[in-house]
Amino acid sequence: MPEIRVTPLGAGQDVGRSCILVSIAGKNVMLDCGMHMGFSDDRRFPDFSYITRSGRLTDFLDCVIISHFHLDHCGALPYFSEMVGYDGPIYMTQPTQAICPILLEDYRKIAVDKKGEANFFTSQMIKDCMKKVVAVHLHQTVQVDDELEIKAYYAGHVLGAAMFQIKVGSESVVYTGDYNMTPDRHLGAAWIDKCRPNLLITESTYATTIRDSKRCRERDFLKKVHETVERGGKVLIPVFALGRAQELCILLETFWERMDLKAPIYFSTGLTEKANHYYKLFIPWTNQKIRKTFVQRNMFEFKHIKAFDRAFADSPGPMVVFATPGMLHAGQSLQIFRKWAGNEKNMVIMPGYCVQGTVGHKILSGQRKLEMEGRQVLEVKMQVEYMSFSAHADAKGIMQLVGQAEPENVLLVHGEAKKMEFLKQKIEQEFRVSCYMPANGETVTLPTSPSIPVGVSLGLLKREMAQGLLPDAKKPRLLHGTLIMKDSNFRLVSSEQALKELGLAEHQLRFTCRVHLHDTRKEQETAVRVYSHLKSVLKDHCVQHLPDGSVTVESILIQAAAHSEDPGTKVLLVSWTYQDEELGSYLTSLLKKGLPQAS
Amino acid sequence: MDPECSRLLPALCAVLADPRQPVADDTCLEKLLDWFTTVTAAGSSLLLLQENPCLVELLFRVLKSQDLSSRILSFSLRLAGIFAAQEDCFQYLQQGELLPMLFGEVGPLGGAAWTAPAVRSGWIQGLRTLAQHPSALRFLAACGAVDTIFSLQGDSSLFVASAAGQLLVHILDLAMRGPARGRCSPQACDWPACAQKIVCHIEDSLCSIATPQVTQALNVLTTVFGHCRGLWTQGLWVRLSPLVARLLEKDPVPASHSLVDLLLSVARSSVPSSDRGLWETLAQTLSHLSPTQAGPLALGILKLQDCPQALRTQAFGILLQPLACVLEAAAQAPGPPGLLGGAAGDPMTADTLLCSKSACVGLLCCALTHLGLLQPLPQRPSPWPQAPLLGAAVTVLRLCSGSVAPTSDVGGRLCAILVGCGRVQRAALDFLGALSQGAGPQESVTQVFSVLLEYLMSPESSSMVLKKAFQATLRWLLSSPKTPGCCDLDPRTQLFLRELLPVLQKRLCSPCWEVRDSGLEFLTQMTRHCGGQAGFRQALLASEVPELTKQLLQDPESYVRASAVTATGQLSSWALLAAPASPERPGAQQKSLLVELLHVLCADSEGFPRRAVMQVFTEWLRDGHADVAEDPERFVARVLQAASRDPDWEVRAQGLELALVFLGQLLGPRGSHCPCAVALPETAPPGTLAQALPEAAPPGTLAQALQVLCRVQLFEFAFRALFDCDRPVAQKSCDLLLFLRAKAAPCGSPQEAGDSPNVASVEATLQRWQAGEQGQPLGYLEPGAVMAVLRSIDLEGLRDTLAESSDHVEKSPQSLLQDMLAAVGVLGENEADCY
């Protein structure tokens with residue numbers, strides 16, 4: 001029995017790192033290859049030993065697909081391809097391909113060199129890994145091999161994020177990655193066609209949340225930044241190099257312009273240029289408004305945001321600084337934080353999630369006295385704000401996507417078990433489909449209907465066309481013929497051709513039925529009465545009275561005979577071929593009702 | 001345990017046992033277990049529990065709680081396992097009946113929580129940690145745990161199932177190592193009851209008609225023979241080998257992959273010394289399995305150190321079969337005996353190759369990879385059929401490119417399957433590269449060069465195929481024989497090079513960055529190894545490759561710019577970058593590269609090219625590159641000035657590396673203490689600073705060297721770097737200054753040190769830098785002031801501080817406990833979504 005098997009190695013009832021194995025019609029695909037930033041040993045990577053024990057990785061896996069550039073979706077990729085030994089193709093969209101190495105490189109610099117962690121990939125490994133990447137365009141069907149094909153759909157979330165349809169024959173799986181069903185300041189909403197996959201694997205980060213409008217969060221953000229700079233304070237916004245940072249830059253840039261503010265906004269050196277470069281390059285991936293206004297003004301060319309120099313941190317007066325890394329775990333953002341933390345006029349805004357073991361995590365949990373190196377204590381007097389700008393579909397959005405794609409089954413990943421449970425019930429109730437939520441390491445197996453490709457003979461198609469019906473891709477039609485199997489191939493041909501090819505003689509199969517009529521007249525007269533009756537009832541059919549006394553309607557033959565025991569009864573012998581089975585049955589039932597009395 | 005941690009622990013335990021307080025971060029519990037493992041490894045668990053009663057209380061409360069999360073329950077099971085691993089602590093926990101409540105039928109095992117894989121996993125891991133002593137074995141037997149473990153082998157979670165198998169092996173090993181240590185009989189009937197039970201279960205599973213059960217048994221046995229070293233393993237094999245052999249009688253052979261793993265694991269253990277029948281089983285398995293299944297077994301057999309020749313021949317035959325079939329199918333006419341010494345190819349292999357595309361590709365890729373792995377091993381079969389293998393690799397590549405048209409029906413079908421198949425192309429190119437390590441007849445090598453050229457030229461070659469083709473080409477060029485009597489390339493290789501360079505030229509203009517980059521990487525490696533060979537130099541200088549390489553310094557893709565920097569740096573080192581300069585302006589071309597690279601260092605927006613420039617410059621300085629040797633002081637000053645301002649800390653760190661090379665040249669290498677004692681011209685390579693030191697001052701004096709270092713502003717760079725926000729920069733600077741101080745200290749004259757008027761202002765500036773205010777320049781420094789400052793800084797102390805990772809405070813157990821406590825009640829503020 002053909003089946004689809006799904007095993008999450010990561011993102012099964014958690015949000016740590018996504019890595020999902022899918023087997024579909026004998027093809028094995030890995031969906032995302034993420035890293036958990038909360039660990040600093042091998043646990044940060046998915047446990048690939050469960051794949052390697054099935055033999056060589058490259059022989060086992062047909063391809064790897066990366067949904068977007070966030071490290072919890074692509075962070076383990078260089079490790080997987082250059083250290084574990086996967087040598088096959090990796091698919092991702094073009095923006096992801098361009099941005100992925102920058103984030104991987106940024107993280108490598110923090111992890112290996114700054115923190116002295118071992119068993120991590122090198123810069124050369126990142127490059128070698130990126131050389132294995134095959135870029136895909138939206139809505140372009142890419143043949144991984146003769147049987148396996150993939151297709152990307154727009155997912156919103158971050159620049160270049162995509163949902164992927166994986167298809168082998170008539171079986172298909174859609175993996176959403178992270179997606180957002182509402183457009184935001186620089187990205188559009190996710191969209192997928194009614195592809196009716198056997199299985200939809202969807203993220204469920206906000207499975208139980210109906211999120212307020214992002215506008216409110218944006219207003220709040222601007223208000224806080226504005227108030228701080230107005231009172232002469234400094235605002236630190238720790239960010240990762242690309243992604244959320246650009247969204248917030250656009251926000252501030254427009255606000256500064258509108259309010260004619262003078263306080264400087266800085267961005268870690270080099271990053272603005274990189275970001276501009278990529279966002280300009282991939283304008284088609286941004287939202288409609290940005291695309292439309294691009295000709296007049298590029299929204300990613302910032303007037304107010306300038307490159308940051310380390311010396312600026314000591315300058316007096318208000319300012320806003322975007323600095324990396326995003327969780328205050330090292331480098332420039334941490335250095336600036338240390339300088340500014342003691343002043344209550346200042347503010348740090350954390351625009352995203354911080355893992356345990358980072359200063360970001362500490363201040364978000366309300367700790368205000370932080371121990372630093374050498375037993376020094378840093379007192380945090382500056383204001384600490386958390387504003388999640390992550391762009392995930394909320395419960396409503398997830399339901400909307402399920403409605404759009406019309407899957408036969410749904411599988412939830414990238415979320416917490418309790419929240420998933422709630423959404424699972426909702427999906428099952430509303431869409432009447434099965435919904436699964438496997439934990440990491442658990443395999444969900446879905447049986448699928450076998451799909452057998454059948455070739456149709458030209459002769460048969462021509463005959464069908466001759467009936468005047470033109471083929472229409474949207475309206476499936478029934479085609480009658482004979483199915484023959486030769487050399488492991490199936491073909492549908494006309495019965496004549498089948499007989500000829502197989503060297504068989506034709507046999508005719510007729511259905512027969514006896515109908516008893518009360519009629520004292522002679523058989524011939526009964527036959528005439530039958531003829532007249534049918535002629536009057538079946539006006540659209542060819543009814544004939546043959547010289548031998550029998551009556552025919554199309555292929556149906558009716559003969560009248562005397563009853564051996566009852567002379568007052570006549571027996572009508574009705575016989576017909578299987579082609580006229582419907583008419584034959586109708587005639588029989590008609591005759592059983594008896595003949596009209598002669599007037 | 002740290003007193004502060006001890007103080008925080010009761011509050012934390014209370015939080016963990018409270019179902020209303022979910023744990024904020026999913027890594028916290030793992031990290032907490034790591035910490036307890038470290039603590040118990042260093043001391044007594046019993047003492048730990050006695051001093052911190054909250055821990056036992058936590059375990060009791062967890063058991064009582066009805067609606068606790070599966071994560072906390074799993075954590076508690078694992079925690080209990082960690083404590084109970086020490087026998088006295090085990091007894092202590094047993095007194096309270098805690099262990100049966102956690103691991104027995106009355107515990108989570110019988111409740112609703114058991115449906116969560118995390119709980120089942122915690123239960124297994126807890127027992128795995130706990131099972132370290134005979135008391136634990138008795139406990140396992142008493143609470144019926146072994147039966148549960150049997151059932152968990154078939155768990156719906158891969159993680160749980162796999163852990164269950166490993167736990168069985170661990171228990172078996174423990175039972176066999178236990179009280180009967182040393183006198184345990186290899187006869188299984190004398191074994192402890194627990195071991196008997198496990199072995200019987202394995203026997204039952206091996207006889208099962210359900211493949212998953214057979215697989216489980218085989219996997220357990222594989223781990224046994226892979227990890228357990230006792231004599232008893234031989235007895236176990238004697239008992240079980242007939243059952244394993246019986247699997248071969250089934251068609252198809254069940255769980256073939258696991259069977260292969262087991263047989264190889266047994267073959268690598270001590271069993272073969274006692275059971276020669278194993279070789280027969282291996283031979284039978286080879287002949288029973290399909291060609292695809294038999295490949296890994298054949299490779300494993302050939303990797304064994306000691307194994308009968310007949311078996312090795314059989315195994316090698318299996319690896320060669322697919323290639324033999326390809327050769328046979330593609331042969332235009334019957335040729336000389338091929339891979340199998342003229343014997344006909346195995347019909348089963350031929351069938352596999354022709355039955356479907358995926359089977360064909362899978363089998364060929366495996367065969368090519370396995371043979372490629374075997375090639376460099378000392379135990380590879382001898383004689384090694386180098387020439388037929390080369391022929392086979394070339395044929396496979398030609399079938400894939402469609403450049404051969406086999407006349408036979410089979411050949412035609414094979415060609416139709418393979419044409420354009422990137423996976424086979426990549427595997428074949430890797431294999432061809434591996435074969436470069438052995439010699440081949442001239443004709444074969446010509447064919448290799450020809451097929452490589454074909455691939456490098458073909459517009460059909462994908463970027464990955466091209467990368468592999470470049471790598472294989474490099475390997476063949478580097479291993480090609482040299483002309484007798486001189487170290488130059490042989491004429492055939494030279495001819496190949498002349499054909500290759502126009503192709504490389506074309507590839508350097510490819511629209512695909514991956515291809516341009518692979519081309520540049522190839523050029524760099526070739527130049528590094530063959531830059532001095534006349535044939536290579538001639539061919540390269542006659543081509544446009546050097547010019548194109550230089551143009552790629554402006555490539556839009558930063559990876560390519562970085563590779564172009566490395567390549568031009570390498571070309572320039574061998575004076576290969578341009579045609580010989582005109583007599584009027586000697587070295588004009590070369591100089592312009594230095595300027596260009598300096599421009600890249602100052603202006604490139606990406607880190608990769610700037611880092612590559614620093615590497616080239618460091619190499620140039622170390623090797624005495626002509627341009628550098630002209631005025632090393634000016635060169636170093638310019639480079640350090642650019643590097644010190646770089647936003648990328650790796651560039652700054654490399655700047656310090658270059659400074660260290662400069663110091664070494666100026667003051668002598670590490671190890672020798674004082675430049676006064678070292679004659680500079682002897683230590684420095686020709687063309688380096690020692691030769692280029694200002695003529696006015698005689699070389700060899702510390703004062704002179706310090707003057708030079710001050711002029712190039714090395715101290716300002718190093719002092720600033722000492723307080724860099726990026727730890728590796730500070731570490732490198734610390735090393736450099738320590739080196740300098742060690743060099744200078746023994747001969748520093750008292751009148752030079754400490755009495756300079758500049759010292760106070762320097763120290764004040766350094767203090768501001770330390771505080772993070774790095775805005776002000778240090779200004780010109782006098783050598784005396786430098787030495788005084790160097791002596792006043794506690795460099796050793798700083799080095800020790802820097803040796804710790806930048807987040808060691810946040811990673812400490814105390815910080816972990818604080819974080820977990822602080823997160824109580826603020827959950828939702830920092831909710832995991834993505835990063």
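Not measured: the values here are computed from a predicted model. In what follows, chains are A, B, ... by sequence order, proteins preceding strands, each numbered from 1.
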Item checked: Any pair counted as salt bridge (Lys or Arg N to Asp or Glu O under 4.0 Å), so long as it reaches residues 352-366 of chain A, sequence neighbours left out -> Lys362(A)-Asp819(B)
Margin query: Is Asp34(B) in contact with chain A via its backbone, its side chain, both, or neither, using a 4.5 Å heavy-atom distance?
Written below: side chain
Next item on the list: Would you tell me whether His361(A) and His329(A) have side-chain atoms, one donor and one acceptor, within less than 3.5 Å of each other?
Entry: no
Notebook entry, point to check: Is any side-chain N of the basic residue among Glu557(B) and Arg516(B) closer than 4.0 Å to the acidic one's carboxylate O?
Noted result: no
Check: chain A heavy atoms under 4.5 Å from Pro117(B): which part of the residue, side chain, backbone, both or neither?
Finding: side chain
Check: Judged by modelled atom types alone, do Gln818(B) and Glu810(B) share a side-chain donor-acceptor pair under 3.5 Å?
Finding: no
Checklist line | Largest heavy-atom contact set with chain B, pairs under 4.5 Å, which of Gln13(A), Arg43(A), Met372(A), Lys131(A) | finding: Lys131(A)
Margin query: Between Asp87(A), Thr358(A), Val359(A), who has the most heavy-atom pairs with chain B when the cutoff is under 4.5 Å?
Written below: Asp87(A)
Item checked: Residue part contacting chain A, namely of Gln814(B), when any heavy atom lies under 4.5 Å -> side chain
Checklist line | Asp146(A) and Lys357(B) ion-paired at < 4.0 Å | finding: yes
Checklist line | chain A contact via Ser463(B) - side chain, backbone, both or neither, heavy atoms under 4.5 Å | finding: side chain
Item checked: Residues Asp47(A) and Ser49(A): side-chain donor-acceptor under 3.5 angstrom -> yes
Check: Which one of Lys31(B), Arg426(B), Lys811(B) has the most heavy-atom pairs closer than 4.5 Å to chain A?
Finding: Lys31(B)
Item checked: Lys/Arg N to Asp/Glu carboxylate O, Lys127(A) vs Glu514(B), below 4.0 Å -> no
Next item on the list: Using distance alone, with no hydrogens and no angle criterion, decide if Ser563(B) and Asp517(B) have a side-chain donor and acceptor under 3.5 Å apart.
Entry: yes
Notebook entry, point to check: Checking Met130(A) against chain B: side chain, backbone, both or neither under 4.5 Å from a heavy atom?
Noted result: both
Next item on the list: Measure Gln124(A) against the heavy atoms of chain B and call it side chain, backbone, both or neither at under 4.5 Å.
Entry: side chain
Next item on the list: Name the option with the most non-hydrogen atom pairs under 4.5 Å to chain A; the candidates are Ser156(B), Cys366(B), Ser121(B), Ala118(B).
Entry: Ser156(B)
Notebook entry, point to check: With respect to chain A, which residue among Thr369(B), Val160(B), Asn219(B) yields the maximal number of heavy-atom pairs within a distance under 4.5 Å?
Noted result: Thr369(B)
Note to self: Under 4.5 Å from any heavy atom of chain A, what part of Arg611(B) do you find: side chain, backbone, both or neither?
What the structure shows: side chain
Checklist line | Heavy-atom proximity to chain B below 4.5 Å, by part of Thr7(A) | finding: side chain
Notebook entry, point to check: Non-hydrogen atoms of chain A under 4.5 Å away: do they reach the side chain of Glu30(B), the backbone, both or neither?
Noted result: both
Notebook entry, point to check: Does Gln471(B) have any side-chain contact (heavy atoms from CB on, under 4.5 Å) partners at least two apart in sequence or in another chain, and if so, which?
Noted result: Lys467(B), Lys468(B)
Next item on the list: Rounded to the nearest 0.5 Å, what's the gap from CD on Gln143(A) to CG on Asp145(A)? Could you check?
Entry: 7.5 Å
Margin query: If I measure from the heavy atoms of chain B, does Arg338(A) come under 4.5 Å with its side chain, its backbone, both, or neither?
Written below: neither
Next item on the list: Determine the option with the most heavy-atom pairs under 4.5 angstrom with chain B, choosing from Asp14(A), Thr443(A), Asn440(A).
Entry: Asn440(A)
Notebook entry, point to check: Can a donor-acceptor pair be found between the side chains of Glu105(A) and Ser123(A) at a distance below 3.5 Å?
Noted result: yes
Item checked: Structural part of Gln367(A) lying under 4.5 Å from a heavy atom of chain B -> side chain
Margin query: Taking side chain as everything from C-beta outward and backbone as N, CA, C, O, which of these in Ile363(A) sits under 4.5 Å from a heavy atom of chain B? Side chain, backbone, both or neither.
Written below: neither
